[in-house]
Each structure stands twice: as C-alpha cells, then as structure tokens.
Amino acid sequence: MSENNIPSTNFIHAIIEKDLETGKHGGKVITRFPPEPNGYLHIGHAKAICLNFSTAQKYGGKCNLRYDDTNPIKEDVEYIHSIEEDVRWLGFAWDKRLWASDYFDTMYEAAVELIKKGKAYVCDLSADEMRAYRGSLTEPGKESPYRSRTVEENLHLFLEMKEGKYLEGEKVLRGKIDMASPNINLRDPIIYRIAYAEHHNTGEKWCIYPMYDFAHPIEDAIEGITHSICTLEFEDHRPLYDWCLREVGWWPNPPQQIEFARLNLTHTVMSKRLLKGLVDDGLVEGWDDPRMPTIAGLRRRGYTPEAIRDFCDRIGVAKSNSTVDVGLLEYCVREDLKDRVESRNVVENPIKVIITNYPEDVIEEMEMENNRNLPEMGSRMVPFGREILIDGNDFMEVPSKGYFRLFPGNEVRLKGAYFVTCTEAIKDENDNVTTLLCTYDPATKSGNGFEGRKVKGTIHWVEATTALPITIRHYDYLLTDEESGENRINPNSMEELIGYGEPNLADAQPGQRFQFFRHGYYIADSQLTNDNDKVFNRIVDLKSSFKVTK
RNA sequence: UGGGGUAUAGCCAAGUGGUAAGGCAGUGGAUUCUGAUUCCAUCACUCGCAGGUUCGAAUCCUGCUACCCUAGCCA
C-alpha cells in the first residue's frame, strides 16, 4: 500500500491491531466510506478514502462504499457518478454499491424496538419549542410533556407517522435518554422525522426518515463494519452511536466509532459550501477546474492517483487539527511525475535569436533525450535552424549576480545543440529587447564529446519557423492568504499565455503529461485541446526557480 | 458558562518512564547538456506554561493557558 519507504502506521492501526489480538471482531476488519451524495469529492475526502480502503487492505479486510442517503431533500443521484469515478480513479474497488436507504425497513423495526423498550417516544413539540426545551451549553434541558406517553400510544403514533397521518414537523420520534446530560446529543435526540419527499431509491414508500445519529450506527452494524472511521466533529456523537446499538440490542458485536482530524490544506478551501459558491458564481470553470481541490480538479490539473495516495500516506492520521502545506502535495506529484513523463522544449515570452554564423535555409535535426534521468525512455529528433526562440527568462540584458544564462558576451549551451555567444541585443523603440544576435561554435554540437571549454548555463529553445504556438495555462493558488475565507479568493488564480513548443507537441494527446524544459510539469488539457489549439495546464512548477539575488 | 477534544521544529508527524524517528520546507556542499533530478551534510539540550513525583519525565500527578468541536426535524 505504501508507495514509499515510510512505515505507514497510525493510531487507528494500533487500535485495530489490538482488536485483532483480543479477537474483538473475530479477526475481521471491515471499514466503510459513507459519502452523502450531495457534492463532489475533494482532497479531504481522498484522505478518508485512502484511510478506509487501505486500512482494510492492510488487514485483509474490505471497505464498503455506502451512500448515506437518509435525507431525500438534500441529496441527488447526480453526484454518484462523479463519486464513484473519483474513488475508482484513486485506485480503490468495492463489492457493490450500497445505500443506507436499503436498510430503512430494519431501521424502522429498530425504532419500534426502542419504543417497545420504553427508550423512544413520539414528541409533538414544534422545532422552536424543542430548541427551547433543549436548554443550552450550560443549562440542562427540560423534559418534553410528551415524554411520558405509554408504549402503546407511542407505537400507535409512530405507525401513524409512517402512514402519513401527520404533517412535516408535526411529530418526531425521540430517543428517551437524559434531558440534563452535559452532552447535548443525549438530550432526547430526534431519531425519525417526517418528510414528504420523493426518495431516489425508495420513492414514496416512506414519509418518515431516520436521522444520521440513529441511522449511521445501524447501517454500520448491518454491514458488519468493525471500525467506523469518521472525523473529529462526531466525537460528541459517539455516546449516542453506542447508545443506539446497545439499546436496540440486536448486534452482539457492535462497530466501534473512531475519529480522526479532517484535512486542511494551505491556500485553498475544503468547505463544500465555498467550493460550490465558486462554481455557482462562475469564478471557476466548474467542479473540475484545475484550481479546485476536488479530485476531479486535481485530475484535470494532471495529478496522478499515485501522487494523491502517496500524499495521504505522508500526512499521517492523527487527532489534532492541522493544516498541511500544499507544498507537500506538490512534492508528491513531482516525485511521481519525474520518472514517468517525457521532456519537451517550450518557451514562454519568447525572444528571437538569430545565429549569425549559421547557414540560412538549413534545418538540422537534433537528437534530444526524452528524460534525462531515464535513458530507456529514448530520444526524439527536433529541428534546429538559424533562427530560434528562447525563453524570456533565459536572457538578461544586465545580468544580476549569480545569473549564468544568456546575457551579452556570455556563452551558454543550447540544450541538445550548440554553444552560442550573445553578441548583440536589438531593442525596439520602447527599449524592449526583441532580437538577440548570437554566434555558434560548430565544434560544440551536442553529443560529439566536445570538452574544449565548459559553460555554466544550458537553456532551451525551439526553431522559429517550425515552432508550434500553444496556450499555456498557469495556475496560482485559490486563496492568496493562508487563512481561509470567502474574501480571499485569488482573482488572478489563472494566467493564460502564448508559448511556443517544438513541432512534435502537435501530437500531444489530451491527458498526456510532459515536463516542459525548465518550466515544470504540464498536461494537455482534455477539455480544451483540439487540433488547432493546444492547451496545456501547468500541474506544478519545478522545485525551485532561479533566485535573482543570491 | 457546560461537555468533548488537541497541544512535539516553519508545516505534517512518531513517541505510551530510560535520555526527541521520519517526511515536506530551509540551509551548506558535490555531481549535472534542465538553477531540475541525484548525492552528502545540516536542521528541537527539548516536547503549550508552571510546579510536583522519580536515579531518570514529551510520557505519571497537580494547577494553568491556547485553540478546535458542540445548543439542525443536516450529515
């Protein structure tokens, strides 16, 4: 499971290993990933997915994919396609699609069981009244006047609720626990509410739906989940989770809820509400916009599932709230991509270079290695001629200290070609450098073993007459500030610029990744690329760029 | 103001009474036809704070502090 040498272990593994030793769950490990189908998955979900699926794998168990569809008003099957695509893309598989709603019958029977045991009652308080009766953080609640209804009356009323005899909000079923509990979740929590809504799975069969706190432990128990892993905010709900299973009493080996800290990343937001806002307000192209921290966005951005799994492995699992530096995510994708993509020459902000002593009307084919570190990836031929384009960043008219690329009088290697020396910089009326005049040394042709002299800089280039114009999209972070918030959305989070690439880039397939020489890693956009317009999305920069002052 | 959690380097994170793992970031250096990669070195006398117990404490005890969650008929 681990893609690196880091021993991937955490406090949850420790709990499981102890349970395995004591035989608590009969040596079984069954986990689950239970999304509510109400939005796209993001990198935070990836942490939960990796945790649940790989923990199950690690101990020879299994992980269920189950939709927590207990609230028909909020959910939409529209999302299940993207959820499953994303989980599958991350590299995980599940037996079959499970729905919490498939257990509605059992849940109903479990509620009846509670009523029979005197542990649940039908309450007629309105939502406002109930809030008032609940008390506050510091004050105990008051018992509902309906709390003392008889079992027979509750059974009858609950049946009528189910039969649709009451309006939404008119009645609810509540657990009878303790209105004075310091844990507000235990102050007679609502277990079933009335909702006249069409459910995607059960249609109009039900007009009462179980609440999460009641439904979830039962879903887990029915599936034989051994370890129910969820996020920290459910810590206070655990006593209720345990109460439900204990009081219903049908499962001798109830699952154990374990909480961990959800993922936060610098420079972005994980809140579904905020992400949806970006989509709805048109600030991004959609849920799969490459700037989005969604799985779909990261995929389109060019991230690999391997990189994301590696990331989830490296960040660890603990209980302290933390914000992981997005630099670690970037490291993971660089680490994965460096050994699997080919390099291509691409220049941005091009400057034309005329090699004055190179013959006109001659195009040479230069052999370029596809991956400097992996000779087995072979090489390709790239045209070279008298006029070439170099990257705007590779020339400085007045070099700063430590700059060793091109400047007047300096000699550099053109990657895969010759040494050239800049003899003159030609400027336009605005004092901008437009063309460089250089001379080349035929003796220095790449690959001929020239050792006469060394040069400190190597720059890339594309031959001017055959250069392929391309569109390069550079992405910045979603947030300019590390503290997340609505007003910090970076308005300049995408920069689109014209670049020129070597001609064979015309064959780039959508989704194909490259390292653009010196620029970082890019992917041919699967949605925007067509024969006439190649668009490449920046996945991530090279680790460090040149620092002007050293 | 009740209850529940969490505090170990710039960011994550191991560690459960025997003298602070690892990763990212950073720094210095070597190699380099990518200022990438690779390699080597370096990076917490101290674990939120203050006391205490102990031969010995990040780990145990006491008292503080900070931050997070919690008063949906959401999940």
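It should be emphasised that the depicted structure is a prediction, and the values quoted were computed from it without experimental measurement. Note on naming: letters A, B, ... go to the chains in the order of the sequence lines (proteins, then strands), and numbering restarts at 1 for each one.
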**Asked** Taking the side chain as C-beta and beyond, is there a heavy-atom pair between A/Leu265 and A/Leu329 under 4.5 Å?
**Response** yes
**Asked** Separation of A/His13 atom NE2 from B/A14 atom P, in whole Å?
**Response** 11 Å
**Request:** Nearest whole angstrom, please: distance from the C1' of B/C33 to the CZ of A/Phe404.
**Result:** 13 Å
**Request:** Choose from B/A13, B/C11, B/U1 the nucleotide whose nearest atom is closest to any side-chain atom of A/Asp325.
**Result:** B/C11
**Request:** Remember a base hit wins even if backbone is also touched, and classify A/Gly141 as base, sugar-phosphate or nothing at under 4.0 Å, heavy atoms.
**Result:** nothing
**Request:** Without swapping roles, check the side chain of A/Arg174 against the backbone of A/Tyr192 for a donor-acceptor pair under 3.5 Å.
**Result:** no
**Spacing of the P atoms in B/U65 and B/C49 (rounded, Å)** = 15 Å
**Asked** Rounded to whole angstroms, how far apart are OH on A/Tyr477 and P on B/C11?
**Response** 16 Å
**Item:** No-hydrogen, no-angle side-chain donor-acceptor test under 3.5 Å, A/Asn64 and A/Glu223
**Value:** yes
**Message:** According to side chain to side chain contact (heavy atoms under 4.5 Å, CB included), who are the partners of A/Tyr477, at least two apart in sequence or on a separate chain?
**Reply:** A/His267, A/Val326, A/Glu330
**Request:** For B/A14 and B/C61, measure between their C1' atoms and round to the nearest Å.
**Result:** 25 Å
**Asked** For B/G28, which nucleotide is its Watson-Crick or G-U wobble mate, given both distances must be under 3.5 Å?
**Response** B/C40
**Asked** Taking the same atom, P, in B/C11 and in B/U38, what whole-Å distance lies between them?
**Response** 25 Å
**Asked** Counting any heavy atom closer than 4.0 Å, what does A/Gly416 reach on the DNA or RNA strands: base, sugar-phosphate only, or nothing?
**Response** base
**Item:** Integer-rounded Å distance: B/G2 P and A/Glu235 CD
**Value:** 19 Å
**Prompt:** Looking at residues at least two apart in the chain, or sitting in another chain, which of them share a ring pair (Phe, Tyr, Trp, His ring centres under 6.0 Å) with A/Phe407?
**Reply:** none
**Asked** Rounding to a whole Å, what distance do you find between A/Leu186:CG and B/G4:P?
**Response** 12 Å
**Nearest-nucleotide comparison on RNA chain B, the residue closer to the 5′ end among A/Ser446 and A/Tyr521** = A/Ser446
**Prompt:** With sequence neighbours left out, what residues match A/Lys142 under side-chain hydrogen bond (donor to acceptor under 3.5 Å, both in side chains)?
**Reply:** none
**Request:** Pick the P atom in B/C45 and in B/C33, then give their distance to the nearest Å.
**Result:** 40 Å
**Message:** Please give the distance between the C1' atoms of B/A75 and B/A57 as a whole number of Å.
**Reply:** 42 Å
**Complete:** With sequence neighbours left out, the residues meeting ring pair (Phe, Tyr, Trp, His ring centres under 6.0 Å) with A/Trp99 are A/Tyr67, A/His200
**Asked** Using purine N1 to pyrimidine N3 plus N6-O4 or O6-N4 for Watson-Crick, or N1-O2 and O6-N3 for G-U wobble, each under 3.5 Å, what pairs with B/C64?
**Response** B/G48
**Request:** Please report, rounded to the nearest Å, how far the P atom of B/C11 is from the CG atom of A/Leu263.
**Result:** 16 Å
**Request:** Please work out if A/Lys319 contacts a base, only the sugar-phosphate, or nothing of the nucleic acid, heavy-atom cut-off 4.0 Å.
**Result:** sugar-phosphate
**Message:** Between the base of B/C11 and the side chain of A/Thr323, is there a donor and acceptor pair under 3.5 angstrom?
**Reply:** no
**Asked** What do the steps show when you test A/Leu98 against A/Leu65 for side chain to side chain contact (heavy atoms under 4.5 Å, CB included), and what is the final call?
**Response** CA-CA 6 Å; A/Leu98 299 171; A/Leu65 173 67; over 6 Å; no
**Selected nucleotide, minimal atom distance to A/Thr138 side chain, candidates B/A14, B/U1, B/U38** = B/U1
**Message:** Counting the atoms with a prime plus P, OP1 and OP2 as sugar-phosphate, which does A/Ser320 contact under 4.0 Å by heavy atoms, base, sugar-phosphate, or nothing?
**Reply:** sugar-phosphate
**Item:** Who pairs with B/C55 - Watson-Crick or G-U, where each distance is under 3.5 Å
**Value:** B/G18
**Message:** Rounded to whole Å, how long is the line connecting atom CG of A/Asp394 with atom C1' of B/C33?
**Reply:** 14 Å
**Nearest-nucleotide comparison on RNA chain B, the residue closer to the 5′ end among A/Ile315 and A/His519** = A/Ile315
**Message:** Say we look at B/C39 and B/G52: how far apart would their C1' atoms be, to the nearest angstrom?
**Reply:** 49 Å
**Message:** Taking only the P atom of each, what is the distance from B/U37 to B/G18 in whole angstrom?
**Reply:** 39 Å
**Message:** Any base atoms under 4.0 Å from A/Val317, or only sugar-phosphate, or nothing? Heavy atoms, all strands.
**Reply:** sugar-phosphate
**Request:** Kindly write out the residues that satisfy side chain to side chain contact (heavy atoms under 4.5 Å, CB included) with A/Leu20, not counting sequence neighbours, or none if the list is empty.
**Result:** A/Ile16, A/Val29, A/Tyr59
**Asked** Syn versus anti for B/G72, judged by chi lying within 90° of 0?
**Response** syn
**Request:** Quickly work out the A/His460 NE2 to B/U32 P distance and round it to whole Å.
**Result:** 21 Å
**Complete:** Reading nucleotides 67-75 of chain B from 5' to 3' and marking B where a protein heavy atom lies under 4.0 Å of the base, S where only the sugar-phosphate is that close, and - otherwise, the string is -SBBBSBBB
**Prompt:** Can you tell me how far C1' in B/U31 sits from the matching atom in B/A41, rounded to whole Å?
**Reply:** 15 Å
